[in-house]
*Asks:* 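Below you will find the structure I want to go over with you.
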Amino acid sequence: MLDIKVLRENPDAARSGAIKKHMPDRAEAVDRALAFDAELRALIPRLDAMRSEQKAGGKVLGKLNPEERVVFLAKQKQLKAELSVLEGEEKLLKEKLAEQLGLVPNIPDPEVPDGKDDSQNTEVRRVGEVRVFDFPVRAHYDIGEAQGWIDFARAADMAGSRNYMLFGDLVLLQDAILRFAVDLLVERGFVPIDPPLLVRDAAMFGTGFFPGGEEQTYRCEKDGLNLIGTSEVPVTSLHAGEILAEKDLPKKYVARSACFRREAGTYGKDTRGLYRVHQFHKVEQVIVDINDKERSLEHHESIVQNAEDLLQACDLPYRVVNVCGGDLGVPQAMKYDIETWMPSRESFSETHSASRFYDYQARRLNLRYRPEKGKPLFCHTLNNTVAASPRILIPLLENHQNADGTVNVPERLRPFLGGREVLGKPVF
RNA sequence: GGAGAGGUGGCAGAGUGGCCGAAUGCACCGCCUUGCUAAGGCGACGUACCUUCACGGGUACCGGGGGUUCGAAUCCCCCCCUCUCCGCCA
């Protein structure tokens with residue numbers, strides 16, 4: 001969430017930020033939050049004074065004679081009754097303020113382009129050559145089904161639409177790319193994590209997915225737990241409520257986990273193939289560091305670079321885009337997407353998403369550190385995909401396919417596949 | 001799932017109704033003393049909010065929430081977490 005002080009001093013920045021994100025209802029939360037804040041600030045000094053009187057009164061009690069006691073106790077009871085009314089108001093106001101403040105989105109940075117959806121994201125750079133095929137190019141699902149690597153029909157039968165089953169070499173290729181992703185980040189000093197997949201609401205709220213993301217989240221109501229849509233949730237929440245030592249920062253983590261998304265409201269969109277599915281695996285990088293904008297910007301570039309290095313190592317052409325306001329989530333201040341070339345879609349399509357939040361998530365998570373001098377400050381957090389599968393299998397299969405339906409393995413992935421250079425048999 | 005024990009400041013640990021935002025030890029920081037693998041003395045040392053130009057003052061917080069009471073770290077209820085034993089189990 002934003003600092004209430006930012007809202008007091010510059011409410012317009014918060015309002016226009018929400019507008020830039022095409023969230024007009026949340027822009028209104030700014031004024032509702034400020035109204036509750038004003039009421040609360042009027043109330044608190046009164047409450048403090050009354051509590052002070054009550055406390056002082058209690059200490060006098062022992063010195064009084066019986067008659068004085070009776071009078072005094074009556075007075076104290078009166079005070080208590082008044083206090084409990086005001087304390088009720090205080091509690092209610094605090095809840096209402098927290099609710100509205102939780103709705104106010106992070107303010108997008110100035111370089112975030114205006115726009116309502118991903119069609120208005122702006123290209124930052126394009127890397128790699130898009131391959132020109134001298135044979136009819138096939139989609140990953142055609143290759144996969146012909147090779148016996150993918151079964152959509154039976155998966156849908158047992159688990160519903162947007163499900164899939166992988167078999168054989170494709171399972172091994174998936175493991176190869178995910179393991180390569182983990183190794184790459186571990187080499188760069190990231191600590192590998194295997195996090196919980198089911199988390200409490202506090203973690204969903206703290207990372208900014210709740211409120212708002214409930215419809216996209218599978219929930220185990222019986223236990224009050226939520227299946228994570230990304231390991232960003234448990235990993236960024238790791239140090240929630242803590243005050244870290246500055247010398248221990250930055251914290252750099254790389255998590256591999258299964259991820260689950262309901263994909264509500266996407267009916268009819270990306271229905272074919274492995275692009276949009278309910279369940280996938282993702283290697284995610286998360287950084288927690290000091291409250292310093294320059295450092296956040298440096299980290300942001302570096303985590304994008306990590307992902308680009310993976311794509312380059314896999315000989316995949318891609319582009320980096322600056323995500324526009326309307327395509328930005330609630331908690332992000334700025335986001336780069338990496339889109340990898342997918343021949344079947346004849347487009348660069350999103351495979352990575354690199355976000356910076358400044359202290360927005362840290363405030364919600366109460367995640368702080370103690371600087372060398374002075375009071376604890378909220379940390380900055382960032383995250384980015386390293387590899388998400390099966391989506392990343394789409395460009396791997398399609399860009400590296402041969403005319404006979406076999407698929408070449410990028411050199412850097414071969415060590416993870418026992419040195420094999422080609423997967424599959426001739427099927428076309 | 002059943003039975004029991006416990007959650008207090010960075011850590012350890014005392015505190016069972018007012019004298020407690022909280023002893024003591026360790027750690028950390030500042031000053032001083034003495035010097036051989038470091039010791040001793042003194043001081044400071046939680047977080048948030050309100051208030052003050054400032055010094056300072058006030059309020060809240062002892063896992064979370066609610067209750068009893070003039071007054072709760074302390075008593076009662078619910079929840080969460082940790083540990084031990086039993087059961088079950090990949």
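Below, chain A is the first sequence line, B the second, and so on; all start at residue 1.
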*Asks:* Determine the interatomic distance between P on B:G18 and the same-named atom on B:C62; round to the nearest Å.
*Replies:* 16 Å
*Asks:* Please determine whether a side-chain nitrogen or oxygen atom of A:K80 lies at a distance below 4.0 Å from atom OP1 or OP2 of B:G71.
*Replies:* yes
*Asks:* Say you pick atom C1' in B:A48 and the same atom in B:C29; how far apart are they, in whole Å?
*Replies:* 23 Å
*Asks:* Roughly how many Å is it from CD in A:E87 to C1' in B:A60, rounded to a whole number?
*Replies:* 10 Å
*Asks:* Run the side chain to side chain donor-acceptor pair (under 3.5 Å) test on A:Y164 and A:Q279 for me, step by step, so that the C-alpha distance in whole Å, both residues' side-chain angles and the decisive distance to 0.1 Å come before the verdict.
*Replies:* CA-CA 9 Å; A:Y164 60 95; A:Q279 176 190 327; 5.2 Å; no
*Asks:* Is there side-chain contact between A:V277 and A:P390, with heavy atoms separated by less than 4.5 Å?
*Replies:* yes
*Asks:* Just name whichever nucleotide pairs with B:A3, Watson-Crick or G-U, keeping both distances under 3.5 Å, else none.
*Replies:* B:U84
*Asks:* Roughly how many Å apart are B:U84 and B:C26, using the P atom of each and rounding to a whole number?
*Replies:* 30 Å
*Asks:* Between B:U51 and B:C55, how far apart are the two P atoms, rounded to whole Å?
*Replies:* 15 Å
*Asks:* Please report the distance, rounded to the nearest Å, between CG in A:D48 and C1' in B:U52.
*Replies:* 15 Å
*Asks:* May I ask you to decide if A:D270's main-chain N or O and A:R276's side chain share a donor-acceptor pair within less than 3.5 Å?
*Replies:* no
*Asks:* So if I apply the side-chain hydrogen bond (donor to acceptor under 3.5 Å, both in side chains) rule between A:Y336 and each of A:H352, A:E301, A:H300, which one comes out positive?
*Replies:* A:E301
*Asks:* Could you measure between the two P atoms, the one in B:A12 and the one in B:G7, and give it in whole Å?
*Replies:* 12 Å
*Asks:* Determine which nucleotide pairs with B:U33, using a 3.5 Å limit on both distances of a Watson-Crick or G-U wobble pair.
*Replies:* B:A39
*Asks:* So, is A:K94 near the phosphate of B:A60, with a side-chain N or O under 4.0 Å from OP1 or OP2?
*Replies:* no
*Asks:* Can you tell me the pairing partner of B:A60 across any strand shown, Watson-Crick or G-U wobble, with both distances under 3.5 angstrom?
*Replies:* B:U47
*Asks:* Mind calculating the distance between CZ (A:R368) and C1' (B:A48) to the nearest angstrom?
*Replies:* 8 Å
*Asks:* Counting only side-chain nitrogens and oxygens, does A:S52 get under 4.0 Å of the OP1 or OP2 atom of B:U59?
*Replies:* yes
*Asks:* OP1 or OP2 of B:C50 less than 4.0 angstrom from a side-chain nitrogen or oxygen of A:R41, does that happen here?
*Replies:* yes
*Asks:* By the 4.0 Å heavy-atom rule, please label A:K247 as base, sugar-phosphate, or nothing.
*Replies:* nothing
*Asks:* Counting heavy atoms from C-beta on, name the nucleotide in B:C70, B:C49, B:C81 closest to the side chain of A:R200.
*Replies:* B:C81
*Asks:* Should A:R370 be listed as having a side-chain N or O under 4.0 Å from OP1 or OP2 of B:U47?
*Replies:* yes
*Asks:* Grab the NZ-C1' distance between A:K75 and B:G71 for me, whole Å please.
*Replies:* 14 Å
*Asks:* Can you tell me how far P in B:C83 sits from the matching atom in B:G56, rounded to whole Å?
*Replies:* 44 Å
*Asks:* Between B:C70, B:G65, B:A48, which one does the side chain of A:K375 approach most closely?
*Replies:* B:A48
*Asks:* Determine the Euclidean distance between corresponding C1' atoms of B:C81 and B:G63; express it in Å to zero decimal places.
*Replies:* 7 Å
*Asks:* Would A:T230 and A:K282 count as having a side-chain donor-acceptor pair, cut-off 3.5 Å?
*Replies:* yes
*Asks:* Is there a side-chain contact between A:K55 and the phosphate of B:A60, meaning an N or O under 4.0 Å from OP1 or OP2?
*Replies:* yes
*Asks:* By nearest heavy atom, map A:K77 and A:K5 onto RNA chain B; which one lands nearer the 5' end?
*Replies:* A:K5
*Asks:* Can you check the distance between B:C85 and B:U68, where both ends of the measurement are the P atom (answer in whole Å)?
*Replies:* 40 Å
*Asks:* Does A:C379 reach the side chain of A:I290, with side-chain heavy atoms less than 4.5 Å apart?
*Replies:* no
*Asks:* Which one, B:A48, B:C50, B:G65, comes nearest to the side chain of A:K91?
*Replies:* B:G65
*Asks:* If we call it a pair only when both distances are under 3.5 Å in a Watson-Crick or G-U wobble match, what pairs with B:C11?
*Replies:* B:G25
*Asks:* Can the positive tip of A:R391 be found less than 6.0 Å from the middle of the six-membered ring of A:Y275, inside 45° of the ring normal?
*Replies:* yes
*Asks:* Can you tell me the base-pairing partner of B:G18? Count Watson-Crick or G-U wobble geometry only, both distances below 3.5 Å, and say none if there is no partner.
*Replies:* B:C70
*Asks:* Reckon A:Q54 has a side-chain N or O less than 4.0 Å from the OP1 or OP2 of B:G71?
*Replies:* yes
*Asks:* Mind calculating the distance between CG (A:L47) and P (B:C50) to the nearest angstrom?
*Replies:* 14 Å
*Asks:* Taking only side-chain nitrogens and oxygens of A:R51, does any of them come within less than 4.0 Å of OP1 or OP2 of B:C50?
*Replies:* no
*Asks:* Mind calculating the distance between CD1 (A:I44) and P (B:A48) to the nearest angstrom?
*Replies:* 15 Å
*Asks:* Taking atom C1' of B:C70 as reference, at what distance in whole Å does atom CE of A:M50 sit?
*Replies:* 14 Å
*Asks:* Would A:L238 and A:I193 count as a side chain to side chain contact (heavy atoms under 4.5 Å, CB included) here? Give the steps.
*Replies:* CA-CA 10 Å; A:L238 176 61; A:I193 294 189; 4.2 Å; yes
*Asks:* What integer distance in Å separates A:D223:CG from B:G1:P?
*Replies:* 9 Å
*Asks:* I want to confirm an ordering. Mapping A:P376 and A:E53 to their closest nucleotides on RNA chain B, which one lands closer to the 5' end?
*Replies:* A:P376
